[in-house]
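Remember, it's 1-based here, ligands and their atoms both numbered in the order they're listed. Not measured: the values here are computed from a predicted model.
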Amino acid sequence: MLSITVDSEKCNKDGICVTACPTKVIQLNSTEEVPTPIPEFEEYCLACGHCVAVCPTGAFRLNWLKPEACPPISKVLVLSRDQAEQFLRSRRSIRNFKDRPVEREKLQNLLKIACFAPSARNNQPWHWTVVEKIADVRRMAAMVIDWMRMVIRKHPEQAELRGLPRVVAAWDAGEERICRGAPHVIVGHCDRNYGFGAEDTALALSYLELFAPTLGLGSCWGGYFYSAVNAHPPLFEVLGLPAGHKAFGAVMVGYPKLRYQRLPLRREPKVKWI
Ligand SMILES: Cc1cc2nc3c(=O)[nH]c(=O)nc-3n(C[C@H](O)[C@H](O)[C@H](O)COP(=O)(O)O)c2cc1C
C-alpha cells in the first residue's frame, strides 16, 4: 500500500510537490495545510519519487521512499557543458576486449545505473540475463551463427540485406563478429506483449553503455545476438528466458583493448522547424 506523510513543521506549503507530480495525485487545499493525497492516489501514483526529490525541506515522504534515503544532488558533481559534451561524444561501441572477465560487482553496478533510465509510466519493466562465463558466450555466438545459416538458406534476400553472409564467412575464417570476443553478454528482456519494451530497454542499455567507461569497461550493442534470441528457440532456451518474454536488447561487455584518442563527427541533425 502506498501512502504519504508530510512533516508539518518542515513543510513550506509551497505546492512544489503538487506541481512536480506527473499524475496530479497530490493536492494542496490551502496555504495553511500540508499537501494530501487525492482519493485515487494509490491507483495513479507512478511511484516515481518526484515529490520527495523536489521538496526543498525534506518534509515529504512516501512510506517506501524517505528523503534521508535519497542522496542530495551535489552541485560540485554537476558536469560542465564541455565535460558533458566530451562524456557523450566519447562513448564508442567497443569491439575489441581484453582476455579478462569483469567482476560481478561491476556488472551489478552497471545494471543498477541502467535502471535509472526513464521508462514508460515508470514501469521499470526490465529483466536482465547476464551471461557470465566466456565459454557460454562463445557457445551462444555459435548458436547465432546456426540461426544466420538458416536465414541465409531460407530467406537469402533478407540475409543479404542484414549482412549475414559476410558475418558467417568471417566466422568460418575464424573471426567472431557476433559477440566480438567479449567475456560477457547482458540481455534485456521483458513481457513480450508490453508495448514499451523496446523503448525502455534501449534507454536502460544506453545508460549502461554511458556508465561503462567510468568503471573502465566497454560495451557494444549485440543486434545480431538479441535478434537471434527471439528468432532461434535453442538460444532462447539456453538463456533460460521466461516463456512469455522477448529480448529487446543485448550488449557485450568487457575491458576494452583499444583506447580512443579523438571525438567522432556525426551527420548534421535532419530537422524541420515549424
Ligand atoms: C540496435 C543496435 C544494434 C547494433 N548491433 C550491433 C552488432 O550486432 N554488432 C556490432 O558490432 N555493433 C552493433 N551496433 C553498434 C553500431 O554499429 C554502432 O552504434 C554504430 O556504428 C555507431 O558507432 P558508435 O556506437 O561507436 O558511436 C548496434 C547498435 C544498435 C543501436
Side-chain angles (χ1 to χ4, degrees), residues 84-98 110 114 117-119 126 128-131 134 137-152 158-171 173-190 192 196-232 235-236 239 246-270:
E85 183 169 336
Q86 173 162 300
F87 170 67
L88 293 169
R89 285 184 62 181
S90 59
R91 180 215 52 80
R92 301 310 332 245
S93 293
I94 298 303
R95 300 187 181 88
N96 295 276
F97 296 94
K98 286 186 182 156
L110 285 179
S119 64
W126 312 289
W128 308 105
T129 293
V130 182
V131 186
I134 192 159
V137 176
R138 299 275 177 279
R139 187 158 62 99
M140 291 180 195
M143 296 174 90
V144 176
I145 293 290
D146 292 342
W147 165 73
M148 287 184 169
R149 290 192 203 279
M150 202 167 62
V151 180
I152 293 169
Q158 194 190 323
E160 197 63 49
L161 271 177
R162 301 187 71 181
L164 307 192
R166 268 193 93 221
V167 177
V168 172
W171 175 274
E175 192 196 334
E176 199 269 82
R177 289 197 197 159
I178 304 299
C179 300
R180 308 277 181 176
H184 313 289
V185 175
I186 298 178
V187 182
H189 50 100
C190 56
R192 64 170 53 247
F196 291 106
E199 294 84 349
D200 292 353
T201 305
L203 286 161
L205 288 176
S206 288
Y207 266 47
L208 183 155
E209 288 213 285
L210 285 165
F211 191 59
T214 70
L215 301 180
L217 301 174
S219 64
C220 180
W221 264 80
Y224 290 135
F225 192 92
Y226 80 93
S227 300
V229 171
N230 294 319
H232 191 48
L235 182 54
F236 193 95
L239 277 164
K246 180 176 174 182
F248 286 102
V251 288
M252 295 74 104
V253 178
Y255 285 99
K257 222 182 221 173
L258 311 178
R259 180 188 290 268
Y260 288 82
Q261 310 293 342
R262 290 178 185 276
L263 301 174
L265 300 181
R266 288 284 211 241
R267 286 194 287 269
E268 285 298 308
K270 299 184 256 303

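Listed by chain and number, the residues in a salt bridge (charged side-chain N to carboxylate O under 4.0 Å, His left out) with Arg177 are Glu175 (sequence neighbours excluded). Residues satisfying the ring pair (Phe, Tyr, Trp, His ring centres under 6.0 Å) test with His184, not counting sequence neighbours, are none.
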Donor-acceptor contacts under 3.5 Å from residues 161-171 side chains, at least two apart:
| unit_1 | atom_1 | unit_2 | atom_2 | d |
| --- | --- | --- | --- | --- |
| Arg162 | NH2 | Ser227 | OG | 3.0 |

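Sorted by chain and number, the residues within 4.0 Å of ligand 1 by heavy atom are Arg91, Arg92, Ser93, Arg95, Arg180, Cys220, Trp221, Gly222, Gly223, Tyr224, Arg266.
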TODO: Mind running side chain to side chain contact (heavy atoms under 4.5 Å, CB included) on Val185 and Tyr226 for me, showing each step along the way?
DONE: CA-CA 10 Å; Val185 175; Tyr226 80 93; over 6 Å; no
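When atom types are taken as modelled, the side chain of Asn230 and the backbone of Lys246 share no donor-acceptor pair closer than 3.5 angstrom.
Here the two rings, on Trp126 and Phe248, have centers that are 6.0 Å apart or farther.
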